[in-house]
Amino acid sequence: MTVSSTTNTQPSNSGFVSSDLIRARFATAMSTLYKTEVPLYGDLLELVADANRIALDRDPSLTESLASTGELSRIDAERHGAIRVGTAEELSTLRRLFAVMGMFPVGYYDLSTAGVPVHSTAFRPVSEAALQQNPFRVFTSLLRLELIEDSELRELANETLNRRQIFTPKALALIEQSEQAGGLIEEEAEQFVLEALETFRWHQQATVSAELYERLNRQHRLIADVVAFKGPHINHLTPRTLDIDQVQAQMPTRGINPKAVIEGPPPRKCPILLRQTSFKALQEEVSFVDSEGRLQAGKHTARFGEIEQRGAALTEKGRALYDQLLNQVRDVIGGAPHEGNAQEYAEVLAAVFSAFPDDYEMLRQQELAWFHYSVTELGLANRDKIEASDTLEGLVQAGYIRFDPLVYEDFLPVSAAGIFQSNLGDDLREEYRARSSQAQFQQALGSSVLNELELYRDAQQNSLQVCAEQLGLIGLFVAA
């Protein structure tokens with residue numbers, strides 16, 4: 001599958017605001033909203049900005065690599081949000097809403113096997129050009145009502161969800177306008193951002209009684225979070241750091257209480273995939289409605305602050321090795337990490353993952369990661385000396401072509417479940433009997449999800465095509 005850069009950017013002469021610009025505006029508006037609702041998020045952004053400056057000053061080669069792949073300019077603006085919806089209609093409409101912003105469903109994640117009764121996808125831009133403009137992502141989960149064992153409670157939850165409308169009438173009208181016209185003009189785009197933002201806003205007043213809330217909460221805290229409120233409030237908005245260990249160590253000095261374990265791979269010289277941590281979920285004042293319509297004060301815990309560090313995207317072979325090693329770690333410590341075994345987990349993780357090469361050349365040679373190839377100044381200067389018979393490996397060794405890791409743009413189901421669990425409570429069940437159901441999820445979504453491995457393969461191959469063209473070579477390099 002190939003996704004061109006025109007997939008989510010309208011031509012400038014169409015009269016429409018580009019979907020990239022709408023996405024950037026929405027991400028900025030979302031960040032402003034969340035900073036107002038959760039002031040600790042603003043402190044987190046300052047901490048991440050400080051850590052990123054130190055990381056770049058400490059390692060000039062990191063700056064060079066990020067600049068080569070187009071990531072350097074996007075680091076400060078990079079965010080991912082997370083929401084949870086309750087019905088197929090809500091998920092399908094979100095797909096249409098995100099499409100206005102040039103964001104498409106990538107990947108399928110089943111979290112039920114880790115004790116979280118949802119399955120998910122990530123809405124994000126997919127072309128390299130769009131990602132460099134603004135890589136905003138929203139990890140979107142659909143509640144699996146069929147996993148609620150109490151049939152009466154399941155029906156009550158279903159009835160409650162079917163009574164709500166999480167989109168404003170104007171937002172729905174603008175989605176339809178964009179679909180019919182092929183885009184939105186300036187005034188419509190401005191209004192769209194404001195109206196779409198309402199879907200993600202926090203609502204202090206629950207839509208259920210305290211009694212029903214407690215029943216839902218006992219079944220699973222995430223079920224209560226999805227069902228009991230007017231809409232899918234954004235429950236975290238994550239900045240990207242270049243040194244997550246530094247951020248984790250510094251959070252307590254800023255009055256921020258971090259979770260015990262950083263999810264994902266251990267610290268590495270050459271980061272891979274995704275590492276995530278967070279501050280503990282906030283206990284917030286809410287009100288419930290009793291049978292006579294009176295408000296009753298209560299509390300709800302859901303929203304938290306998350307930080308992520310992104311590394312190299314792994315090939316299918318690399319992901320298989322990663323999963324194998326992670327399973328070994330969990331076998332040794334007897335399950336998922338938590339506060340009680342945090343130190344042991346970190347030590348075992350580092351020891352087991354010593355089997356995963358920590359050198360970009362080895363990762364490339366062993367086809368464990370995806371890379372972005374580019375022609376160097378030396379290569380351009382010696383263009384006339386290059387012959388059609390020259391191989392990619394030969395040109396790399398000669399210094400004519402450089403390679404930099406493609407950043408992992410997606411998520412890890414085990415890590416996502418670990419973040420959810422640490423903020424919902426460690427006493428939750430380990431897994432549900434039901435298993436992955438991508439077909440069911442895609443039916444609710446109203447489309448298939450894109451395969452992230454194909455997107456990375458295309459990105460690597462596109463970079464090789466550009467190299468071939470710049471060096472005047474016919475045909476296309478094939479990476480080792």
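Given the structure is predicted, the values throughout are model-derived calculations rather than measurements.
Legend: residues meeting side chain to side chain contact (heavy atoms under 4.5 Å, CB included) with P267, ordered by chain and number and at least two apart, are D245, R275. Listed by chain and residue number, F26 satisfy the ring-ring contact (aromatic ring centres under 6.0 Å, His included) test with F200 (two or more places apart in sequence, or in another chain). With sequence neighbours excluded, the residues forming a side chain to side chain contact (heavy atoms under 4.5 Å, CB included) with N382 are L378, K385, Y400, listed by chain and number. Partners of Y41 according to the ring-ring contact (aromatic ring centres under 6.0 Å, His included) rule, which considers only residues two or more places apart in sequence or in another chain, are Y34. Checked against side chain to side chain contact (heavy atoms under 4.5 Å, CB included), L453 has the following partners two or more places apart in sequence or in another chain: E316, W370, N451. Not counting sequence neighbours, the partners of S61 by the side chain to side chain donor-acceptor pair (under 3.5 Å) test are D59. Under the ring-ring contact (aromatic ring centres under 6.0 Å, His included) criterion, F371 pairs with F403, not counting sequence neighbours. Residues passing the side chain to side chain donor-acceptor pair (under 3.5 Å) test with Q366: none are found, sequence neighbours excluded. In this structure S65 satisfies the side chain to side chain contact (heavy atoms under 4.5 Å, CB included) test together with R402, D404, P405, sequence neighbours excluded. For R240, the side chain to side chain donor-acceptor pair (under 3.5 Å) partners are E71, E78, not counting sequence neighbours. The ring-ring contact (aromatic ring centres under 6.0 Å, His included) search around H233 returns W202, F229, not counting sequence neighbours.
The 12-atom threshold is not exceeded at CD of Q443, counting heavy atoms of other residues, nucleotides or ligands nearer than 6.0 Å.
Under 4.0 Å is where a charged nitrogen must lie from a carboxylate oxygen, and between R144 and D110 at least one such pair does. In summary, E454 and R457 do not engage in a salt bridge, as defined by a charged side-chain N under 4.0 Å from a carboxylate O. In this structure, D358 does not pair ionically with K269, as no charged nitrogen and carboxylate oxygen lie closer than 4.0 Å.
A ring-ring contact (aromatic ring centres under 6.0 Å, His included) check over residues 59-91, counting only residues at least two apart or in different chains, returns the pairs H80-H236, H80-F411.
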